[in-house]
Amino acid sequence: MSPLPLHRAVLDWYAEAQRDLPWRRPECSPWGVFVSEVMLQQTPVVRVLPVWQEWMHRWPTPAALAAEPSGEAVRAWGRLGYPRRALRLHAAATAMAERHGGDVPASVVDLQALPGVGVYTAAAVAAFAFGDRVAVVDTNVRRVHARAVSGVEHAAPALTRAESDLAAELLPEDPDVARVWNVAVMELGALVCTARGPRCDDCPVLTTCAWVAAGRPAYDGPPRRGQAWAGTDRQVRGRLLQVLRESDTPVPAARLEQVWDQEIQRERCLDGLVSDGLVEPLADGTYRLPGG
DNA sequence: CAGGCGTGGGT
DNA sequence: TACCCAAGCCT
């Protein structure tokens, strides 16, 4: 699409307001972009930053990570959450070493074939690491489009065809402009057009925003999915894995029993971690992060 | 496809 | 204080 006032306003705003993030710098490798995108799946930037720096120093290439046991990736993941991502990142690095000459693949199709890479991450890596003119649609972009264009407070629970079509329509034709547009809309959603308490006073598209024009009507769609936590298996898994992360030596079962007193649930969670490949049971009855 | 999957900071 | 939710993915 040819540039609209909407584009100009967002691009000008981004030029002035963008954060200086290491994975956005021109010297950042595709591998650096790839690692950042996986870490940023459901985890805020401020918590990703130090861990990303550590990973880049320790594993500057896919081959470097692939050469280590997957458990080291899980340990170095620290408390970013959703630790299966660490396992998938290690598996992706292995695939790159074995099938892609040690490089991050450049095409959306090859990227999405990697473990832990879905529609969003494949588009993000293709666009940010390789300059592809492809629409990058994450939760920030969906929210900005929902408000500025569709006039509703929140996007649908899941990505719809209409949203993908809209994002493709809004993507500038000039590849150089499209590249900046993708990150600029994301940044607008992250800094100004936030899920709660949007800073409309600071918004570059305030005067053309459909949601503002409609009087900022409250969300009127299907109930949005919450995430239970207290007492769930996720909490138990988190506690079990924390013990293993923090131990340099295999942990006796008795020590794992201390983190949760309900045996049925605790055993179910430990078994789940083992079948997920996040925990390795040893022959002597102890447990550790996977050593292979 | 609805639900499972970590963690910690903001409102 | 209790939620809410953060650059999703997988089954």
Side-chain angles (χ1 to χ4, degrees), chain A residues 18-19 21-24 28 32-52 74 77-89 91-92 111-129 134-145 153-161 163 167 182-191 193-199 219 222-245 259-260 265 268-269 272-273 275-279:
Chain A
Q18 65 177 286
R19 291 168 291 180
L21 301 175
W23 45 83
R24 285 184 186 162
C28 183
V33 172
F34 186 92
V35 171
S36 79
E37 288 302 337
V38 175
M39 288 183 172
L40 287 163
Q41 292 167 2
Q42 300 282 280
T43 302
V45 166
V46 287
R47 277 171 42 214
V48 165
L49 276 168
V51 181
W52 183 87
V74 175
W77 194 252
R79 304 185 68 81
L80 289 184
Y82 292 146
R84 289 193 286 200
R85 290 182 293 162
L87 224 45
R88 292 174 182 149
L89 201 35
L111 283 163
Q112 208 176 330
L114 296 169
V117 178
V119 172
Y120 162 74
T121 303
V125 174
F128 302 148
V134 54
V136 180
V137 185
D138 76 327
T139 187
N140 290 304
V141 172
R142 297 181 62 212
R143 188 173 54 251
V144 170
H145 289 174
E153 184 180 18
H154 295 295
L159 182 67
T160 65
R161 177 60 187 273
E163 288 182 80
N182 275 319
V183 67
V185 178
M186 282 180 67
E187 191 77 334
L188 184 62
L191 298 183
C193 194
T194 51
R196 280 191 301 175
R199 301 157 173 79
Y219 178 69
R224 309 171 69 214
R225 189 157 48 112
Q227 294 186 347
W229 172 246
T232 62
D233 284 7
R234 290 195 334 201
Q235 183 181 21
V236 180
R237 287 166 59 104
R239 287 192 184 182
L240 290 168
L241 212 50
Q242 180 178 6
V243 171
L244 296 172
R245 267 200 317 263
V259 308
W260 200 256
Q265 186 179 21
R268 177 176 71 240
C269 290
L273 288 169
S275 65
D276 285 348
L278 283 163
V279 171

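Residue numbers start from 1 in every chain, and the chains themselves are labelled A, B, ... in the order their sequence lines are given, proteins ahead of strands. Because only heavy atoms are used, hydrogens play no part in the values below, and waters and symmetry mates are left out as well, while side chains stay in.
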- Message: Say we look at dG8(C) and dC1(B): how far apart would their C1' atoms be, to the nearest angstrom?
- Response: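 It works out to 15 Å between them.
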
To the nearest Å, how far apart are [X] [atom1] and [N] [atom2]?
X         : N      : atom1 : atom2 : value
Gln42(A)  : dG8(B) : CD    : P     : 16 Å
Arg19(A)  : dA7(C) : CZ    : C1'   : 9 Å
Asp138(A) : dC9(C) : CG    : C1'   : 14 Å
Gln227(A) : dG4(B) : CD    : C1'   : 9 Å
Trp77(A)  : dT7(B) : CH2   : P     : 12 Å

Has the side chain of [X] got a donor or acceptor that lies under 3.5 Å from a partner of the other kind on the base of [N]?
X        : N      : value
Thr43(A) : dG6(B) : yes
Arg79(A) : dG8(B) : no
Arg47(A) : dT7(B) : yes

Once you apply a heavy-atom cut-off of 4.0 Å, does [X] come out as touching a base, just sugar-phosphate, or nothing?
X         : result
Leu241(A) : nothing
Arg245(A) : sugar-phosphate
Arg225(A) : base

- 5' precedence on DNA chain C between Arg196(A) and Ser36(A) (nearest-nucleotide basis):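 Of the two residues, Arg196(A) wins.
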
